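Here the structure is laid out as structure tokens; the discussion comes afterwards.
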Amino acid sequence: MSISTVLSYLPAIAILAVLIFVHELGHFMAARLQGIYANRFSIGFGPILWRYQGRETEYALRALPLGGFVGFPDDDPDSTIPPNDPNLLKNRPVLDRAIVISAGVIANLIFAYLVLVLQVGTIGVAEGFNFKPGVLVPEVVSTEAPAAKAGVKAGDIILAADGKELKANETEIASLQKVIQTHPNQPVQLKIQRDNKQFDVTVTPKSGPDGNGQIGVRLAANGTPIFRSPKNPFEVLSLAAQRFQDICVVTVQGFGRLITNFKETAGQISGPVNIVRAGAKLASDSNSSGLFFYTALISINLAIINILPLPALDGGHLAFLLFEGVRGKPLPTRIQDGATQTGLMLLLGLGIFLIVRELIFQ
């Protein structure tokens with residue numbers, strides 16, 4: 001990997017680090033504002049690169065910027081705080097602890113909305129589109145889709161289908177769809193543009209439930225939007241809220257499809273490598289609108305993933321608190337620790353698997 005490629009990844013890595021910082025800052029501030037002790041605030045995992053010892057908290061930056069944590073002295077054997085101190089997190093009521101645990105998710109959601117406000121306020125409001133030849137493929141829905149098997153990748157531009165060139169207008173998406181739909185189980189030649197290179201691939205659409213051909217891609221117009229200045233601050237806030245809602249809905253629907261149709265959608269799961277690659281590509285574009293969208297999208301995804309009721313995630317800890325609220329007492333410590341450690345190992349295993357898959361096979 002060249003130095004220029006590594007440098008191109010730095011903006012995306014910086015964005016991920018900022019989102020992790022925002023998430024952990026949410027936990028930290030929710031604790032401190034309630035007078036709860038927090039003795040560690042760390043961005044990243046692994047060896048410490050930088051450390052500062054404050055009056056009550058140790059602040060640290062670690063070598064692997066793919067996570068972070070806020071530490072509490074509740075179970076620290078070196079802590080001088082009495083175990084019955086009411087300002088230890090474990091001694092606080094369920095509601096106080098729930099606020100601390102959920103604050104990271106809330107911080108990411110608020111940050112995503114503010115990023116979208118900044119996007120609309122600085123880039124402007126999309127009004128029109130500057131079309132370019134071809135049709136963009138923003139997503140290949142599955143590694144088993146006909147398009148994927150033929151070698152089509154997300155980000156490709158289809159310049160021609162079955163010998164017919166796709167011109168620079170919005171009707172070309174329908175033209176391409178017609179070619180695909182009318183050729184079920186028949187080979188179709190596509191001219192692809194990828195990174196300023198052009199080549200041909202042959203894809204065989206599979207017959208869908210309605211008999212029409214399908215190749216398993218999402219299509220979008222090729223080109224760039226034209227922006228105008230917002231009319232007033234209320235338009236900025238309103239449009240940002242609408243975009244925020246749209247991203248949340250699409251993200252939740254995506255997780256729903258992953259659960260209900262895991263076999264078809266599992267291949268779409270992106271790990272840290274592909275997330276950084278996508279951010280690097282957007283950072284290299286002249287229009288920074290996509291980078292704003294990327295930041296908001298990842299922030300919302302980070303929030304939704306963390307609120308899932310899985311051990312080692314914020315949602316898992318909230319689930320433990322729910323059990324405690326219903327039972328009137330917490331689950332045994334050994335059960336909570338065992339579930340958390342198992343969940344952490346599974347998440348680490350998934351992360352390593354995705355990184356290896358993306359480095360070797362993509």
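This is a predicted model, so every value here is computed, not measured.
- Contact detail for Pro187 and Thr202: the closest heavy-atom pair is CB-CG2, 3.7 Å.
- Applying side chain to side chain contact (heavy atoms under 4.5 Å, CB included) to Asn306 and the options Asp314, Asn108, Leu318 leaves one that passes, Asp314.
- Side-chain atoms of Ile298 and Ile15, non-hydrogen and from C-beta on, never get closer than 4.5 Å to each other.
- Side chains of Tyr37 and Asp85: a donor on one and an acceptor on the other come within 3.5 Å.
- More than 12 heavy atoms of other residues, nucleotides or ligands sit less than 6.0 Å from atom CD of Gln198.
- With rounding to the nearest 0.5 Å, the separation of CG in Leu190 from CD1 in Ile215 is 6.0 Å.
- Interatomic distance, Phe244 CZ to Gln242 CD, rounded to the nearest 0.5 Å: 12.0 Å.
- Under the 4.5 Å side-chain contact rule for hydrophobic residues, Leu33 and Ile36 share a cluster.
- Between Glu127 and Arg228 a salt bridge is recorded (basic side-chain N to carboxylate O distance below 4.0 Å).
- Tracing side-chain contacts under 4.5 Å through hydrophobic residues (I, L, V, M, F, W, Y), one never reaches Val70 starting from Phe320; they form parts of separate clusters.
- Linking ILVMFWY side-chain heavy atoms closer than 4.5 Å, directly or via other members, places Leu109 and Ile20 in two distinct hydrophobic clusters.
- To the nearest 0.5 Å, atom OG of residue Ser299 and atom CG of residue Leu19 are 5.0 Å apart.
- The aromatic rings of Tyr52 and Trp50 lie parallel to each other, with less than 30° between the two planes, well short of the 60° mark.
- The nearest pair of heavy atoms linking Ala98 to Ser102 is O-OG, 2.7 Å.
- Scanning all heavy atoms of the two residues, the minimum distance from Glu165 to Ala160 falls at CA-CB, 3.9 Å.
- With a 6.0 Å radius and a threshold of 12 heavy atoms from other residues, nucleotides or ligands, Gln53 has its CD atom above the threshold.
- The aromatic rings of Phe21 and Phe41 sit perpendicular to each other, their planes meeting at more than 60°, with 30° as the lower class boundary.
- The shortest side-chain heavy-atom distance between Tyr59 and Ile43 does not fall under the 4.5 Å cut-off.
- Counting heavy atoms from C-beta on, the side chains of Ser229 and Val125 never come closer than 4.5 Å.
- Contact record, Asn222 with Gly134: CB-O, 3.4 Å, taken as the closest heavy-atom pair.
- Between Gln119 and Arg243 there is a side-chain heavy-atom pair separated by less than 4.5 Å.
- Between Ile192 atom CD1 and Asp200 atom CG the span is 8.5 Å, to the nearest 0.5 Å.
- Annotation: Phe323, atom CZ; neighbour count of heavy atoms from other residues, nucleotides and ligands within 6.0 Å does not exceed 12.
- When each of Lys191, Arg218, Arg194 is checked for a salt bridge (charged side-chain N to carboxylate O under 4.0 Å, His left out) with Asp156, only Arg194 meets the rule.
- At a threshold of 4.5 Å between non-hydrogen side-chain atoms, the residues Glu58 and Asn39 do not count as touching.
- The same ILVMFWY cluster, assembled from side-chain heavy atoms under 4.5 Å apart, contains both Ile180 and Val201.
- For the pair Ile48 and Ala60, the tightest heavy-atom approach, listed with the atom from each and the gap, is CG2-CB, 4.4 Å.
- A distance of 10.5 Å separates CG of Leu136 from CD of Gln193, quoted to the nearest 0.5 Å.
- The two residues Lys90 and Pro83 come nearest to each other via the heavy atoms CE-O, 3.9 Å.
- Val105 and Leu322 sit in two unconnected hydrophobic clusters of ILVMFWY residues. Membership requires side-chain heavy atoms under 4.5 Å apart, directly or through other members.
- Salt bridge absent: Lys329 and Glu324 never bring a charged side-chain N and a carboxylate O closer than 4.0 Å.
- Arg62 and Glu24 are not joined by a salt bridge, as no carboxylate oxygen comes within less than 4.0 angstrom of a charged side-chain nitrogen.
- Annotation: the span from Leu25 atom CG to Phe111 atom CZ amounts to 11.0 Å, rounded to 0.5 Å.
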